[in-house]
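Let me begin by presenting the structure, written as structure tokens, before commenting on it.
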Amino acid sequence: MKPKDSLKVLIVGTGYVGLTTGLSLAYLGHQVYCIDNNKTVVDKLNAGITTIYESGIKELMQESKKNIIFSDEIVKYLPNSDVIVIAVGTPSKNNGDCDLSYVEAVAEEIGNNLNGEKIPVIVNKSTVPVGSSRRVEAVVRSRLEQRGIDMDVLVASNPEFLREGVALNDTLYPDRIVVGADDVRAINLLRQMYAPILEQTFTPPKVIPRPDGFELPAFVTTSATSAELIKYSANAFLAMKISFINEIAGLAERVGADIQEVSRGIGLDKRIGQRFLGAGAGWGGSCFPKDTQAILHTGFQYGYEMPLIKSTIEVNQRQRLCMVEKLQSLLKVIRGSTIGVLGLSFKPDTDDLRDSPSIDIIHRLLDMGARVKAYDPVAMENCRKEYPNLEVEYVDSVSALVNGCDAIALITDWKEFSYINWDEAANQMRQKIVIDGRNMLQREELENLGFNYRGVGR
Ligand code: UDX
């Protein structure tokens, strides 16, 4: 990037979104200030210690370090920034609505510290309900007015679509970049910020290579409100696609079809597409559960029913419990059985447990009186911390897990689970029962070894 194109970008919040965005922009040549009010997190990041589990993050931190500063002093960097990105958490409230207090607190800080010399673009990257850009603008404006500062306030909604585990890949090689703003100055500045990604002019980091056949991303400019709705609708649609295939999987089991054949058969229709048609134990994570609830709540606030979204959530809940039903139908009595759970995180390549199907399934099994053992390649430490009262016996390998079990339930599709030595496992287990909640094991191999195998929709 030519130095004249380089921008000063302040990012508030160093969670998944803030940190991956900050590291990527710094790698592209912008000067980035990543702000977090948690001093421990800032100290760790400054010492080069990563605070999230993400593929390629350590290497990118090393390669970007000359362009990035981690700090808890927002005031020091704010007035001189060209772009201010709000990437703080928006936790769910009990009613499904989003808690915007962190976003509003940042907006207040912005309004308290801009001095009118520079007009930055304020970017909402946190997932926020429709109307939040306006709310941010109003808060900033009101603070500025109180301080007697007369300046334009430019706010843009710029949702992220990154998947955990491959967040840096998704940031550097997106399908599209959506910018919703009502002022063309905001759109132009963000186009400049994203130019290296839009034109793919950067040399790819070694650890995050450009995907083969990657096509230049679209730059989609919309109103702020449309951008906010795009984010929620995209996640709701993907969640719906998975719930759809899970619902069909239940029917496939009853009529004797194979859901993987069905998925392929329908996914090859370009209008449908193959991705996110993997039947399994259901979806979880930090986005789908929260965003489906939030869009439902928005509908409710506007007096509008959204039966598709409602069913998407209900089918997902049922899907998790289907795993327990399958175990029960084979074991007959769950109480007193020892069940080994493979995988705790909501999906592979992350240690994130937020709304993970595994945790729900484990709770249900414990309620029914089972003894539960669990193994996960990276998420066990988090699980111990986040669920200190979960009565699970954690073991440090698959072979320690299978030992003495009546049944195994594979819930997260970690790659290493496809290399399990089932021949050995057969000798260590009390009963040979396997529930494959991600359809990733070789059914025939297991059945030849005498296992009672149940996949999803097969
Ligand atoms: C998702 C969106 O993909 C991303 O665009 C958005 O910004 C954040 O939410 P993420 O939550 O990281 O990303 O995970 P994703 O890979 O989308 O998987 C979500 C859940 O769906 C996981 O629990 C996964 O196991 C499940 N899933 C996914 C399926 O059950 N079947 C599939 O075919 C795909």
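Whatever order the structure lists them in is the order used to number ligands and atoms, beginning at 1. Nothing fancy with the numbering, it's 1 onward along the sequence. In what follows, every heavy atom counts, from backbone to side chain, and hydrogens, waters and symmetry copies are set aside.
Polar contact with ligand 1: absent for Trp283 (N/O pair, distance under 3.5 Å). Taking distance alone, with nitrogen or oxygen atoms compared against 3.5 Å, Phe346 approaches ligand 1 more closely than that limit. For ligand 1, the polar-atom distance check finds an N/O of Phe161 within less than 3.5 Å of one of the ligand's N/O atoms. The distance criterion of under 3.5 Å between nitrogen or oxygen atoms is met by Leu162 with respect to ligand 1.
Using a 4.0 Å cut-off between heavy atoms, Asp413 makes no contact with ligand 1 at all.
Ionic pairing of Glu59 and Lys206 is not present here: no N-O contact between side-chain nitrogen and carboxylate oxygen is shorter than 4.0 angstrom. Using a cutoff of 4.0 Å between basic side-chain nitrogens and carboxylate oxygens, Asp82 and Lys8 are not scored as salt-bridged. The pair Arg354-Glu164 meets the salt-bridge criterion, since a charged nitrogen lies less than 4.0 angstrom from a carboxylate oxygen.
Around atom CZ of Phe244, no more than 12 heavy atoms belonging to other residues, nucleotides or ligands sit under 6.0 Å away. The neighbour count for Gln442 CD, taken as heavy atoms of other residues, nucleotides or ligands under 6.0 Å away, does not exceed 12. More than 12 heavy atoms of other residues, nucleotides or ligands shown are found within 6.0 angstrom of CD on Gln301. For NZ of Lys93, the number of neighbouring non-hydrogen atoms (other residues, nucleotides, ligands) closer than 6.0 Å is greater than 12.
Looking at atom 1 (C) of ligand 1, its nearest protein heavy atom turns out to be Phe288 CE2, 3.5 Å. Of all protein heavy atoms, the one closest to atom 28 (C) of ligand 1 is Ile242 CD1, 3.5 Å. Counting only heavy atoms of the protein, atom 12 (O) of ligand 1 lies nearest to Glu164 N, 2.6 Å.
A cation-pi arrangement is present between Arg384 and Tyr394, with the terminal nitrogen or guanidinium carbon under 6.0 Å from the aromatic centre and inside a 45° cone about the axis. Judged by the 6.0 Å and 45° rule, Arg210 forms no cation-pi pair with Tyr173.
Of all atoms in ligand 1, numbered sequentially from 1 with element shown, those under 4.0 Å from a heavy atom of Glu160 are 7 (O). Per-residue contacts place Cys287 under 4.0 angstrom from the following atoms of ligand 1 (heavy atoms of the residue considered): 8 (C), 9 (O). Those atoms of ligand 1 that come under 4.0 Å of a heavy atom in Lys231, given as number and element, are 7 (O). For ligand 1 and Gly278, the ligand atoms under 4.0 Å from any heavy atom of the residue are 29 (C), 30 (O), 31 (N), 32 (C), 33 (O).
Using a 4.5 Å cut-off on side-chain heavy atoms (C-beta onward), Ile177 and Asn158 make contact.
Contact between Gly284 and ligand 1 is present, with at least one heavy atom of the residue lying under 4.0 Å from the ligand. Every heavy atom of Lys241 sits 4.0 Å or more from the atoms of ligand 1.
For atom 14 (O) of ligand 1, the nearest non-hydrogen atom from the set Arg163, Arg438, Lys347 belongs to Lys347.
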